[in-house]
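In what follows, a single structure is set out as structure tokens and then discussed.
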Protein chains: 2
Amino acid sequence: MQQHWITCKDVSTKHHPQHHPCASCPGVTRCLPLGLDTHDLDQIEGLFSPRLTVKKGETLYRCGDTFRHLYAVRQGCFKTVALNAEGREQIMGFQFSAELLGMDALVSNRHVCDAVALETSEVCPLHFQSLESLAQTAPTLLHSLLRVLGREIQREQALMYTLGNPGAEARLASFLVDMSRRSAMRGHDDMQFNLPMRRVDIASYLSCRIETVSRCLTQMQDQGLIQVRARAISLLDMRALKALAADISP
Amino acid sequence: MQQHWITCKDVSTKHHPQHHPCASCPGVTRCLPLGLDTHDLDQIEGLFSPRLTVKKGETLYRCGDTFRHLYAVRQGCFKTVALNAEGREQIMGFQFSAELLGMDALVSNRHVCDAVALETSEVCPLHFQSLESLAQTAPTLLHSLLRVLGREIQREQALMYTLGNPGAEARLASFLVDMSRRSAMRGHDDMQFNLPMRRVDIASYLSCRIETVSRCLTQMQDQGLIQVRARAISLLDMRALKALAADISP
DNA sequence: CGGTGACTTGACACTGATCAACTCATGTGG
DNA sequence: CCACATGAGTTGATCAGTGTCAAGTCACCG
């Protein structure tokens, strides 16, 4: 058994004594190990520190914290929030199960965002130095790691493209289509799902105000594109939403 | 001498017969090899295909092209442009000498942007598969590669934060401060430099219109923050500009 | 020179920000 | 159990910032 690098001091986190049978994890094919053979899988399981539970509203890491782990979301979801010296907050992304957190810190060795749990969540911490060492000897692991970083670059580029779209309605449509796609990725319904974040988080993410988000949702409902009941969303006309979104290819 | 993987068919590109003495390159400490020892440096030089020249206005690669190389800009500068099915163009970034191009394609193996030379430029193509293989055996090279990808992630996050700033003036100030910083990185003046891109490119990059860019520049000049003469910019009050920009830390 | 593209400036319209009032759900304590 | 406080969300009225359209200037190139 390998050493555990538990460093997270957040009072609300709880250590699970279990090991991490990635093979039995519901997200195994979508997380880092994508494309690894069973031998590699054995190795990567050794990298995981025991799982952490982060309660709703509490932080997994904070801006300025030393970077030691990447975190794979096993269950639940997070928002990442950047804030500057003047105190303006900006939501940088939402992370659901089988997605990775913490890649913002690769260069500076310090996190530049807060990661806040939107609901009580479980993460698998992945010691980055060990991952880097192991990537030296396991070609498929290196390849997976590069793909994961590449996916993050691609995600951010797609978001920049979306933010460049004038018109809040287009950006919101893009957001809903993205949420739908990721709901499907998790094996859930792609036409009907719950938004775990507050309206104000959506507004920050899309660079507009909460009132605009609210009005646009109402408007899209009046047009028969969606149905809104609090945080429960039904997509009624996916084709029209995608046309509104006008995203880049993927 | 290693094989050359010349695949770029752009009629305007020209192959240089020379090798690539990274050690003598003016950008050696800022490019990929950052932190490599001389032995690693010898190895990485073997990865570079002969340099390419791309004339002003022509493309290094196009959206949809198969991904084979990363490109280190040796001299000159580029813009990367994404466009969707409906034809909306969005400038995703500007790349100057000693910066890297092509990281958008890591996942899909296809470029999702056009890379267009803003002036006649020289790039060092870097065969990615070879780089990945070599990273298996050279720990410092792997580390550098991860840092480079991490820097791209960080760059995009900083841009997302900037785009979240309401007020075109703030975004433009942020842009100018960034241009200044990168001018200094290249060893040039940080208070006085030339913008190689058109106003319309700046506008797209900052998600506003060309008229807004023009008006904001005039306005900032009237306030004594900068001096504008066509594409030549002088920063007169860096402190005020940085305050306007209100960026995240780096 | 005349033509072209890059850029600037002005007038006006409209999206979305701001401020305020209101509903609704949730949780607390007497 | 109710009164109350709190936070999330919606809706309305108003206004500022920008987008849009149009005209004009400027610089460059054949």
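In the text below, chain A, chain B and the rest are named by the order of the sequence lines, each starting its count at 1. Here the structure is a predicted model, which is why all the values come from computation and not from measurement. For the numbers below, each heavy atom of this structure counts, side chains included, while hydrogens, waters and symmetry mates do not.
- At the phosphate of D/dG9, neither OP1 nor OP2 sits under 4.0 Å from any side-chain N or O atom of A/Arg198.
- Considering only residues two or more places apart in sequence or on other chains, B/Phe78 meets the ring pair (Phe, Tyr, Trp, His ring centres under 6.0 Å) condition with none of them.
- In the region residues 219-234 of chain A, proximity to DNA chain D at under 4.0 angstrom, judged on heavy atoms, holds for A/Arg231.
- Among the candidates B/Leu244, B/Leu235, B/Leu236, the single residue satisfying the side chain to side chain contact (heavy atoms under 4.5 Å, CB included) test with B/Leu225 is B/Leu244.
- Taking A/Ser174 as the reference, A/Thr162, A/Asp247 meet the side chain to side chain donor-acceptor pair (under 3.5 Å) condition, with sequence neighbours excluded.
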Side chain to side chain contact (heavy atoms under 4.5 Å, CB included) between A/Leu118 and A/Lys56, intermediate numbers included: CA-CA 5 Å; A/Leu118 293 174; A/Lys56 178 173 176 170; over 6 Å; no
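- Of the residues in residues 78-95 of chain B, not one places a heavy atom less than 4.0 Å from an atom of DNA chain D.
- For A/Gln90 and A/Arg88, the side-chain atoms include at least one donor-acceptor pair closer than 3.5 Å.
- Atom CZ of A/Arg62 has 12 or fewer neighbouring heavy atoms from other residues, nucleotides or ligands inside a 6.0 Å radius.
- Residues from residues 165-180 of chain A lying near DNA chain C, meaning a heavy-atom separation below 4.0 Å, are A/Gly167, A/Ala168 in numerical order.
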Test side chain to side chain contact (heavy atoms under 4.5 Å, CB included) on B/Asn194 and B/Ile233; report intermediate values, then the result. CA-CA 6 Å; B/Asn194 261 61; B/Ile233 301 281; over 6 Å; no
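- Although no hydrogens or angles enter the test, the distance criterion places a donor-acceptor pair under 3.5 Å between the side chain of A/Ser121 and the main chain of A/Glu119.
- Between A/Glu152 and A/Arg155, at least one side-chain N (NZ, or NE/NH1/NH2) sits under 4.0 Å from a carboxylate O, which counts as a salt bridge.
- For the pair A/Asp114 (side chain) and A/Cys63 (backbone), a donor-acceptor distance under 3.5 Å is present.
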Distance-only donor-acceptor hits, side chain of residues 164-171 of chain B, under 3.5 Å, sequence neighbours excluded:
residue  : atom : partner  : partner atom : Å
B/Asn165 : ND2  : B/Ala245 : O            : 3.1
B/Arg171 : NE   : B/Leu206 : O            : 2.8
B/Arg171 : NH1  : B/Asn165 : O            : 3.1
B/Arg171 : NH2  : B/Leu206 : O            : 3.2
B/Arg171 : NH2  : B/Ser207 : O            : 3.3

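- In this structure, A/Arg110 forms no cation-pi arrangement with A/Phe67, as its terminal cationic atom is not both closer than 6.0 Å to the ring centre and no more than 45° off the ring axis.
- The ring-ring contact (aromatic ring centres under 6.0 Å, His included) analysis of residues 154-200 of chain A, with sequence neighbours excluded, yields the pairs A/Phe175-A/Tyr205.
- Over its full length, the helix from C/dC1-D/dG30 to C/dG30-D/dC1 turns its helical axis through 30°, comparing axes from the five pairs at each end and rounding to 10°.
- Annotation: proximity of residues 201-218 of chain A to DNA chain D (heavy atom, distance under 4.0 Å) is found for A/Glu211, A/Ser214, A/Arg215, A/Thr218, numbered in ascending order.
- Within the 3.5 Å criterion, the main-chain N or O of B/Arg182 finds a donor-acceptor partner in the side chain of B/Arg186.
- Remark: A/Arg209 engages no residue in a side chain to side chain donor-acceptor pair (under 3.5 Å) (not counting sequence neighbours).
- Using a 4.0 Å cutoff to heavy atoms of chain B, the contacted part of DNA chain C runs 5' to 3' from C/dA6 to C/dA11.
- Looking at A/Glu156, its side chain never comes within 3.5 Å of a backbone N or O of A/Ile153 through a donor-acceptor pair.
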Ignoring hydrogens and angles, write down the donor-acceptor pairs under 3.5 Å from the side chains of residues 213-223 of chain A, residues two or more places apart or on other chains.
residue  : atom : partner  : partner atom : Å
A/Thr218 : OG1  : A/Ser214 : O            : 3.0
A/Gln221 : OE1  : A/Val228 : N            : 2.8

